Amino acid sequence: MIFNIQETAAQGFISSVRTLIEGSGKKYFVITFGCQQNEADSEKLRGLLSEMGYLAAESVEEANIILVNTCAIREHAEMKALSLIGGFKAQKRRDPELIVGVVGCMAAEPSVQKKLKEDFHFVSFTLEPNMLHKLPELVYSAVADRKRRFIIGEDSGDIAEGIEPVRRSAHRAWVSVMYGCNNFCSYCIVPYVRGRERSRDSSAVISECESLIASGVKELTLLGQNVNSYRSDMDFPELLASTAELSGDFIIRFMTSHPKDTSEKLVSVMKKYSGKIAPYFHLPLQSGSDGVLRKMNRTYTREQFLKIAESLRESVPGIALSTDVIVGFPGETEEDFLQTLDVLEKVRFDLVYAFIFSERAGTAAARLDGKLEREVKTERLTRLLAIQDGISLERNKPLLGTVQRILTDSEEIRDGERVFTGRTPTNKPVHFTAKNAEIGKFINIKIEKCGAFELYGSEV
Ligand code: SAH
Ligand code: SF4
Ligand code: F3S
């Protein structure tokens with residue numbers, strides 16, 4: 001069900017908290033781990049907190065309420081979040097009224113909840129990522145009753161519209177279009193913590209984009225765990241085309257796509273609107289071996305993947321491709337791994353995000369035999385990265401001497417000189433000098449130097 005938060009009990013809790021903390025100058029701080037979806041959720045959390053009357057804190061130390069928006073994708077991410085949360089124990093001792101809330105994907109894991117409830121007494125509440133509209137109620141319980149709340153399993157697959165985010169950037173905006181995942185790749189925890197796929201109404205997405213463009217946003221990123229399996233009265237290519245039809249000077253990106261939903265229709269929309277839709281595609285491969293792909297439940301073969309990559313390269317001139325790869329999946333042989341390297345050599349991605357397989361309790365892969373030694377996994381990762389660094393550099397070299405339209409993000413002083421940073425339409429970071437650069441504006445930059453991951457240039 002899709003509902004508006006303004007029509008729920010949340011509004012009552014928002015005003016009650018507002019009344020309770022009025023004039024006290026209480027402040028919030030939100031810390032974000034994980035993917036863009038979490039970044040977008042954190043902006044909504046900030047929006048709700050400011051509606052409740054909290055002010056933004058400059059640092060965590062001066063905060064009266066701290067939210068940690070967590071990621072459960074790999075063990076390392078969980079350890080990092082837990083150790084950070086553990087650090088707030090001392091702050092709570094100094095300030096017994098401090099509220100610490102754990103939000104996000106870890107909060108949807110029963111084992112983590114139990115741990116927080118039993119061993120982290122200074123944690124006031126947990127909140128699953130699909131239940132953000134419940135934040136006001138939990139904050140109210142903490143402020144008014146000093147009650148600890150650990151709700152779980154209440155995720156009913158709803159979508160709450162009408163949460164006004166406090167956005168980090170005035171010129172780049174995340175727009176969530178769908179939530180959840182139905183794919184159950186055997187290694188992945190996302191379907192368990194984010195629930196089933198559900199899509200927003202296309203009219204809600206388009207009008208959000210429209211008002212962002214009117215407010216000066218220059219880059220929209222449509223977000224979803226499987227953004228291209230979006231489906232309402234429109235499919236994803238139709239939604240993308242409708243967004244591209246909006247008038248204004250802006251570009252559109254989207255993340256993350258599943259190869260199985262990367263249709264000819266999507267490719268032709270990218271081709272048709274090449275001025276508006278950025279020539280960049282993140283196409284997660286995971287493995288180049290058919291045997292491993294099958295065990296991963298990825299539902300495509302290496303040949304199918306290669307065809308999609310080829311079709312994107314042929315149809316969208318200058319397109320940059322990036323991917324995710326997992327090394328050391330249970331049972332991965334040296335031959336399987338070489339098949340992955342072979343796909344990297346064939347596709348020549350601009351960028352590869354490579355991860356060592358991390359076992360997630362409850363997933364199908366956790367029950368597979370053939371776990372690999374840590375040394376084998378790190379050795380494979382090192383080999384892969386060495387090869388890919390060379391490919392990334394080669395992919396950047398043809399950009400030397402070209403003029404790129406850069407959206408300027410930030411500015412700093414390096415060796416006494418003002419240096420700006422922005423991104424090419426193909427999503428590559430560029431550092432440049434310019435007299436006329438302005439944060440949040442496009443500027444034409446000539447590329448003069450390149451590394452594997454960064455470009456350098458100056459104003460033309
Ligand atoms: N929905 C996206 C991204 C999901 S998470 C997709 O389908 O591609 C981002 C990346 O983390 C995945 O693409 C995968 O490469 C990696 N990942 C997910 N689970 C993992 C695990 N258990 N161990 C190591 N890497 C993992
Ligand atoms: Fe995880 Fe696969 Fe869903 Fe991506 S498609 S979120 S990797 S289960
Ligand atoms: Fe992590 Fe959840 Fe995103 S597990 S990668 S924050 S969907």
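Numbering of ligands and ligand atoms starts at 1, following listing order. In this text, all values refer to a predicted model and were calculated from it rather than measured experimentally. Note: hydrogens, waters and symmetry copies are ignored here, and every other heavy atom, side chains too, is used.
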Can you pull the side-chain hydrogen bond (donor to acceptor under 3.5 Å, both in side chains) pairs that have at least one residue in residues 115-125, sequence neighbours excluded? none
Identity and separation of the nearest protein heavy atom to [atom]:
{"atom": "atom 21 (C) of ligand 1", "value": "Ser358 O, 3.6 Å"}
{"atom": "atom 7 (S) of ligand 3", "value": "Gln225 NE2, 3.2 Å"}
{"atom": "atom 10 (C) of ligand 1", "value": "Asp324 OD2, 3.4 Å"}

Please confirm whether [X] comes under 4.0 Å of ligand 3, counting heavy atoms of the residue only.
{"X": "Asn38", "result": "yes"}
{"X": "Ala72", "result": "yes"}
{"X": "Gln37", "result": "no"}

Heavy-atom distances under 4.0 Å are what count here, so tell me which part of Cys71 touches ligand 3: side chain, backbone, both or neither. both
Counting from 1 in the order shown, the ligand 1 atoms closer than 4.0 Å to a non-hydrogen atom of Gln225 are 1 (N), 2 (C)
Cys35 N/O/S atom closer than 2.8 Å to atom 3 (Fe) of ligand 3: yes
Residues lining ligand 2 [heavy-atom distance under 4.0 Å, listed by chain and residue number]: Cys181, Asn183, Phe184, Cys185, Tyr187, Cys188, Val190, Pro191, Asn226, His258, Arg298
Quick check on salt bridge (charged side-chain N to carboxylate O under 4.0 Å, His left out): which of Glu332, Glu373, Glu375 does Arg380 satisfy it with? Glu332
